[in-house]
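Report on the following structure.
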Amino acid sequence: MKIQSVKGTRDFYPPQMAVRNFIVDGWKAASIRGGFVEYDGPIFEYLQMYQVKSGDEIVEQLFNFTDRGNRHLAIRPEITPTLARMVNKQINALPRPIKWFSVPRLCRAERPQKGRLREFFQWNIDIIGVDDVLADAEVIACSLDYLRNTGLTSADVVAKISSRRLLAALLKNIGIAEDKLETLYPILDKKTKIPVEAFCEMLDKEIDSSETVQTILKLMDVHSVDEIPDIVKLDEEAQIALDELKRVFAYLEKMGVANGCRFDMSIVRGLAYYTGMVFEIHDAVGKLRAICGGGRYDNLLSDFGGPKVTATGMGMGDAVLEILLREKGLLTDDSLDIQKLDYFVACLDDDLMDEAVAITAKLREKGYAANFSYKTNALKKQMKVADSMNAAQCIIVGGEYKESGQLVVKDMATGEQELVEAATFFDTDPV
RNA sequence: GUGGAUGUAGCUCAGUUGGUUAGAGCACUAGAUUGUGGAUCUAGGGGUCGGGGGUUCGAAUCCCCUCAUCCACCCCA
């Protein structure tokens, strides 16, 4: 009976595993450069955890199940609730600021399409306990640090930044009721994703005054914070939010990544829990879905039963990233080594097989990556195998060993080889 | 949940208006090469042509159903 893989999942054969490791290793290295420390949680949690902030509709997008104790559980679709739970639990003991990162494997029961799968990896970094936009700037800078490190430039990717706090203040100024904001965010978030007419129609449905709708449209087209006062009068709250945003950009300048950042009023994020700076990083052409997104969520810990502690962070999935890296030629199938060996031990005589095995074992004992051939076939064949396994050195156990106890040690890069006494080979550390 | 496209070897794909035993390249295995690596040549293994039904003397090819995948909607933490 032939069983196929589940929809939206990937099999990581060695070549694909090399790609995954390339991406994940880069994420971890960038996190560590940025002073973040790694954490992880369980891959499933109580279903309720994901309903708290997102409601019941989200259940359809989750893989959920009931265990034998009738507990309603779900495979994690994101790790932020887990982070909130874990931090809340030890909030009084953890030194602040809390700068944590994780690379969780996540599952969402959505229909797969380009750049979106049902099982994927997502890099998360979060800074908890810093009530200053400096932390927001650092999250963006760390994300860009990673992307720059892969070779992507400001011509390839752009960080679009805005502020929920500013948006909320401006909307209130033009007469939008506070309780209306939550329904408006997901609509405004669609600004660049749907046709203008459809966008207007959605706004008209929610807002009575067409004048207000026009003002919102003008506001959403703003590409510099300086244009805002021309459209909406700034009250104190709006002014504070605006100053904050300017400071984010000032910090990004100091962090050396400002050339990849720009203000974009259309970045809203569909999620309700963002309270301040919000951002997304897109490919410069804007053809792919967002590479990464995040923002400040000051109420999340308290929403999960903890104290009111501020937080900001972001998530970056592997699917879109891989597509972009391949498009830009920064990741090709043969750019990654699937295997690397320090030594390959070739054996040319069945009588010497025991010795070849023993030599390999000694190399491994010394901590080297070593492999040997199960067959004593033509040396050419074994050399080929050594080459395909990316061996740095090849040791040949053959006639010289039989006659005078010598091994041929060949450097695969230079092609040079020398005879070495097997008896003394392991006395000094071979290279 | 809606719409479109595509399913032939491990991979990428040919396959004529329906015609005999379904092919190529790459990959894999072995040999040419009995002791030296991305080369060349030769041979070999590997396919219920996604599955089921129908039309026909005859179906990879035409029709119906079904399944799967991809792409675009919906959604997007």
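Predicted, not measured: the structure shown is a model, and the values here were computed from it. So you know, we letter chains A, B, ... as the sequences are listed, proteins then strands, and number each from 1.
- Between A:Q382 atom CD and B:U29 atom P the separation is 14 Å, expressed in whole Å.
- What separates CE of A:M314 from C1' of B:A77 is a distance of 14 Å, to the nearest Å.
- Pair assignment for B:A72: B:U2, on the basis of Watson-Crick or G-U wobble contacts that are both within less than 3.5 Å.
- Across B:U29, B:C73, B:G37, the shortest atom-to-atom separation from the side chain of A:K375 is found for B:U29.
- Distance from the side chain of A:K381 is smallest for B:G31 among the nucleotides B:C73, B:G31, B:A77.
- Between B:A77, B:C75, B:G35, one nucleotide has an atom nearer to the side chain of A:L348 than all others, and that is B:G35.
- Distance, A:E60 CD to B:C74 P: 17 Å, rounded to whole Å.
- What separates CZ of A:R111 from C1' of B:U2 is a distance of 9 Å, to the nearest Å.
- Side-chain atoms of A:D387 lie closest to B:G38 of the nucleotides B:C71, B:C75, B:G38.
- Ranking B:G37, B:U36, B:C73 by closeness to the A:V408 side chain, first place goes to B:U36.
- Of the candidate nucleotides B:C76, B:G37, B:U2, B:G37 has the atom nearest to the side chain of A:K410.
- Between the P atom of B:A77 and the CZ atom of A:F304 lies a distance of 15 Å, rounded to the nearest Å.
- Taking atom P in both B:A22 and B:A9, the straight-line distance is 14 Å, to the nearest Å.
- Residues A:F372 and A:Y343 keep their aromatic ring centres 6.0 Å or farther apart.
- Nucleotide B:U29 is matched to B:A43 when pairs are restricted to Watson-Crick or G-U wobble geometry with both distances under 3.5 angstrom.
- Taking atom CD1 of A:I187 as the reference point, atom P of B:C75 lies 10 Å away to the nearest angstrom.
- In this structure, B:U36 forms no base pair with any nucleotide, since neither Watson-Crick nor G-U wobble geometry is met with both distances under 3.5 Å.
- With both pairing distances under 3.5 Å, B:C62 is matched to B:G54 as a Watson-Crick or G-U wobble pair.
- Proximity of A:K384 to the phosphate of B:G38: a side-chain N or O atom is located under 4.0 Å from OP1 or OP2.
- Residues A:Y401 and A:E355 have side chains that bring a donor and an acceptor to within less than 3.5 angstrom of each other.
- Within a 6.0 Å radius of OH in A:Y39, other residues, nucleotides and ligands contribute more than 12 heavy atoms.
- Here the C1' atom of nucleotide B:A77 and the CZ atom of A:R289 are 13 Å apart, to the nearest Å.
- Taking only distance into account, the side chain of A:R116 meets the base of B:C76 through a donor-acceptor pair shorter than 3.5 Å.
- The A:E78 side chain lies nearest to B:A77 when the options are B:A39, B:A77, B:C74.
- Each of B:C70, B:U36, B:C76 was ranked by its minimum atom distance to the side chain of A:P112; first place goes to B:C70.
- By the 30° and 60° cut-offs, the orientation of the rings of A:W27 relative to A:W123 is parallel.
- When each of B:U36, B:G37, B:A77 is scored by its nearest atom to the side-chain atoms of A:I396, the top-ranked nucleotide is B:U36.
- Using N1 to N3 plus N6-O4 or O6-N4 for Watson-Crick, or N1-O2 and O6-N3 for G-U wobble, each under 3.5 Å, B:G7 pairs with B:C67.
- When heavy atoms are screened at a 4.0 angstrom cut-off, A:R269 is found touching the sugar-phosphate backbone but no base atom.
- Pairing for B:U17 is absent, with no Watson-Crick or G-U wobble pair whose two atom distances lie under 3.5 Å.
- Across all strands shown, B:A22 forms no Watson-Crick or G-U wobble pair with both key distances under 3.5 Å.
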